[in-house]
Structure formats: C-alpha cells, structure tokens
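In what follows, every heavy atom counts, from backbone to side chain, and hydrogens, waters and symmetry copies are set aside. All residue numbers in this chain count up from 1 along the given sequence.
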Amino acid sequence: MVDRVRLNSVPKSHALIALKRVGAHLGLKPGDLMLIDTLCAFSQSQDWQSHQRPVVWPSNALLMEQTGYSLSALKRHIRRLADAGVITFKDSSNGKRWGRRDADGAIIEAYGFDLSPLSDRVPEFEDLYAEIKAERERCKHLKRQITIARRMIKSLIEDAMNKANTDAWQQLLVKFESLLAKLPRQPKGSGFLQQLLSRFADLKSRVEHVFLLENSGFKQGDITDPPAQKSQEMDPKQSRNDPHIQTTNQLESVNSKPRQTENSGSGHVNVIGQDRKKRTAGLDLKTALRACPEFTSWAQNIGGYLNNWQDLQRIASQLAPMIGIPELAWKKAQTGLGPHAATAALMLVFDKHCTGEVASPCGYLRGMIEKSRAGELHLERSFYGRLHRQSL
C-alpha cells in the first residue's frame, strides 16, 4: 500500500499550471518543466484526488524516448526538479521503479517518482504568483512614470536650449544624461525602479523650476511667492486682480490684443488678453499639459497621444460630463470663450476639481465665462502659477 495519503484534491492540470507560472522564480528551466509534464502524463486523474498519492514509475529508457534527452541530461533535469521540491523519490528495496493498480485504476503499491509535493505546494505557488503579478504591476507603473518624467525633462531641456544654450541648461543636460545611463537593460525590481523614479522626479522639479523662471517673467527673488493666491482661484468672480491669463489656439506666442465676439453689437467682448503693457509668452500645448497633470492623465488614458489643441478639445468634450458639466454648459463655454480658450479653461477646472480646489465645476466654468465677457479672464499665468506650485 502507498504509505502516505493526501487530504487535498488538486487536478493535475491545475497543479501544472500553478507550477509553470512560477517555474522561473523557482530556478526551473524549460527542460525541467517539459520533464515534469512528461512525468505527470504517466499519472491518472484519480491519483490526484484526496486520500491518494500520485506516484509514477517510468524507466529511464522510456523517459529518454519521450523527451529526447540523453541519460546525463535526464538525470540533470530530475535532480533539478527534486532540488526545487517539486518531486521526491519513493525507492523500492531493490532500487527499481514499479507499481500496481487495482481493477478501478487506483494505485495499490508503487515505487518511483512521487509527484505529491507538486500537488501539496499548489497554494504556495498561487500565493507566489499573486506576489509576482503585484510586483510586475508595480514595475510597470514605475516604468511608465519614469518614461513620463524622462520625456518631460527632455522636452523642457530641448525647448530651453533651442532658445538659450546657457551653462545652467548644460549642467542639467549632463545630469539628465547620467540618469539615462542608469536605466536598466535587464529587468529590475520595484525597489530599484522607485529609487530611479525619485531621482528623475527631483531632476524634473529642478528643470521645471528653471524653465518657469525663464518663461514666466518672475524675478529670482519672487519665485517663492505664487503669482495667484488660492483664495482668488476658488471663485472666478471674487477678485479682479488675478494674474493675467492668455490662451492661444496656436503653439506660438499670441498678442494681447482684445478680440470681439460675433455678437459685437451687444457690447460684450471676448478677451483673450487684456494687458497691453506687459508682454506674455503665450500658452503652448506642452505647458498646458504639464500644468494640469490630472487632466493630462485622464486625457491620455482616453485618447492616447495629444498632439495639438484639436486633440485636447475632442478629449475635453468627453471629460466635461465626468465632472458634472453637461453638454449644454460645455457648448456655451465654447461659444463664449472660443473653442481653444474653453478647452484651456476646462483643463483648469478639471484639474482643480480633482485636487479639491473647486467643488462646483459647472458654476466655476460659468464664472470664467462671465469674467471673459467683462474682459477680466486671465488664463496664461494661472497655468504658469500651477507649474510653479508643482515645482516647490
């Protein structure tokens, strides 16, 4: 009789799948897994039921024929399976493998390869696989974050150096290239990737800080004070002293010349920029996306790459209902502000709602339309102000 019985019942196919999912982490090679497949093929389904013990007794010659291994290779794979704790040996007194079954096919007596460790360890393998999947997801997320940070740093440095190749940007470029050299060519764990992401994030903050200084018109001594107070941002109708905001439907700079709406006879003026005394750099696509990371993340998940303002406008139409802005209100915003200014306004509203700064997105957007009609809507520095606060 078989001297030990199992209390749990695990189907053979289930046990094999569980093992193959974690085989590489146990140090098993493809040849080892092929051998365990072959050994399991000599067992029968009832051998894997509770109170049974799956033991198989194929000869070396038969295994060599089934697998195509040489004798030395066969012994090597058998030993590796045993070392991994997947099989054990049940030896007879004369060292030969043999067994007997009853009329129902149940094993009466058997000596050879005991496969019960494979069955017994299925819960362990499943737990290990869950950990592997979780680690894989962590690594995937960290790699994506590293890629995003790397692309943003590269874009900012290239834009800045095209305008002025200063020593400061050269130093940042050297640091960026040194970080790029640390990108792993072989799979690394989440701990390593988290450290690397932290270094990229630190460099990204420094690059954005320098970029903001050079493009926002702030003086070095003023950079610690955000250009707009949060209390002013909470309600577009509360203050008339918000920083100037300028929106453009082009990627190049725009002039601060007022532009009238089609309904010029009503006396309402749709102002894109009102301050003629100050020159502004114009709001480009990259700046808008960096300033509104929540909107950008949602937009990329829905629409993939965002190449122009038309892409943003299309995505904005899909995101507006998600924060409680109905289609009618969104159409009114596009009519009152113009399609591209409305898109920029929605980006701000969406981002502020996600960060808890705005409780009523629809009301906030309506207030922005009213300020635009009064010539008091300022968009550009709100974007730069958000970039500044992110870099602190």
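- Here the closest non-hydrogen pair linking A110 and V55 is CB-CG1, 3.8 Å.
- Applying the 6.0 Å contact sphere to CZ of R150 captures more than 12 heavy atoms from other residues, nucleotides or ligands.
- Side chain to side chain, S43 and W48 meet the donor-acceptor criterion of an N or O pair below 3.5 Å.
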Walk me through whether F295 and L348 qualify under side-chain contact (heavy atoms from CB on, under 4.5 Å). CA-CA 8 Å; F295 176 93; L348 286 172; over 6 Å; no

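- Side-chain atoms of H353 never come within 3.5 Å of backbone atoms of P361 as a donor-acceptor pair (strictly under, hydrogens ignored).
- Counting heavy atoms of neighbouring residues, nucleotides and ligands inside a 6.0 Å radius, atom NZ of K12 exceeds 12 of them.
- Ion pairing between R373 and E370 fails under the 4.0 Å rule for side-chain N and carboxylate O.
- When hydrophobic clusters are built by joining Ile, Leu, Val, Met, Phe, Trp and Tyr residues whose side-chain heavy atoms come closer than 4.5 Å, directly or via intermediates, I132 is not grouped with I17.
- Taking NZ from K140 and CG from L193, the interatomic distance works out to 14.0 Å, rounded to the nearest 0.5 Å.
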Side-chain donor-acceptor pairs under 3.5 Å in residues 175-189, sequence neighbours left out?
from : atom 1 : to   : atom 2 : distance (Å)
S178 : OG     : K175 : O      : 2.6

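- Residues P58 and L63 share a closest heavy-atom pair of CG-CD2, 3.8 Å.
- The residues D351 and R386 are annotated as salt-bridged, a charged nitrogen and a carboxylate oxygen being separated by less than 4.0 angstrom.
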Report the C-alpha separation of D37 and K20 in whole Å, then their side-chain angles, then the decisive distance to 0.1 Å, and conclude whether the salt bridge (Lys or Arg N to Asp or Glu O under 4.0 Å) test is met. CA-CA 10 Å; D37 254 335; K20 290 176 181 179; 2.6 Å; yes

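- L71 and L62 fall within the same hydrophobic cluster, where Ile, Leu, Val, Met, Phe, Trp and Tyr residues are linked whenever their side-chain heavy atoms come under 4.5 Å apart, directly or through other members.
- Taking CD1 from I36 and CG from L115, the interatomic distance works out to 5.5 Å, rounded to the nearest 0.5 Å.
- A salt bridge links R80 with D32: the distance from a Lys NZ or Arg NE/NH1/NH2 to an Asp or Glu carboxylate oxygen falls below 4.0 Å.
- Side-chain contact, E131 with H25: no donor N or O sits under 3.5 Å from an acceptor N or O.
- Distance alone, capped at 3.5 Å, places no donor-acceptor pair between the K90 side chain and the F113 backbone.
- Between the side chains of W309 and T343, no donor-acceptor pair is found at a separation under 3.5 Å.
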Is there a side-chain contact (heavy atoms from CB on, under 4.5 Å) between L289 and M347 once you walk through the steps? CA-CA 9 Å; L289 292 175; M347 293 175 68; 4.2 Å; yes

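- Counted by atom type alone, K96 and Y111 present zero donor-acceptor pairs between their side chains at under 3.5 Å.
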Starting from the C-alpha separation in whole Å, work towards a yes-or-no answer on side-chain contact (heavy atoms from CB on, under 4.5 Å) for L19 and V122. CA-CA 7 Å; L19 173 63; V122 165; over 6 Å; no

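- Minimum heavy-atom separation, G85 to R121: O-NH1, 3.1 Å.
- D284 and T287 share a donor-acceptor pair across their side chains, judged by distance under 3.5 Å alone.
- The CG atom of L16 sits 6.0 Å away from atom CG of L118, with the distance rounded to the nearest 0.5 Å.
- Between E327 and K331, at least one side-chain nitrogen of the basic residue sits less than 4.0 Å from a carboxylate oxygen of the acidic one, meeting the salt-bridge criterion.
- Ring geometry, Y69 versus H77: the interplanar angle falls from 30° to 60°, so the pair is classed tilted.
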Worked check of side-chain contact (heavy atoms from CB on, under 4.5 Å) between Q44 and F42: CA-CA 7 Å; Q44 297 182 12; F42 288 103; over 6 Å; no

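- With respect to the salt-bridge test (charged N to carboxylate O, under 4.0 angstrom), the residues R101 and D47 qualify.
- Side-chain atoms of S317 come within 3.5 Å of backbone atoms of Q313 as a donor-acceptor pair (strictly under, hydrogens ignored).
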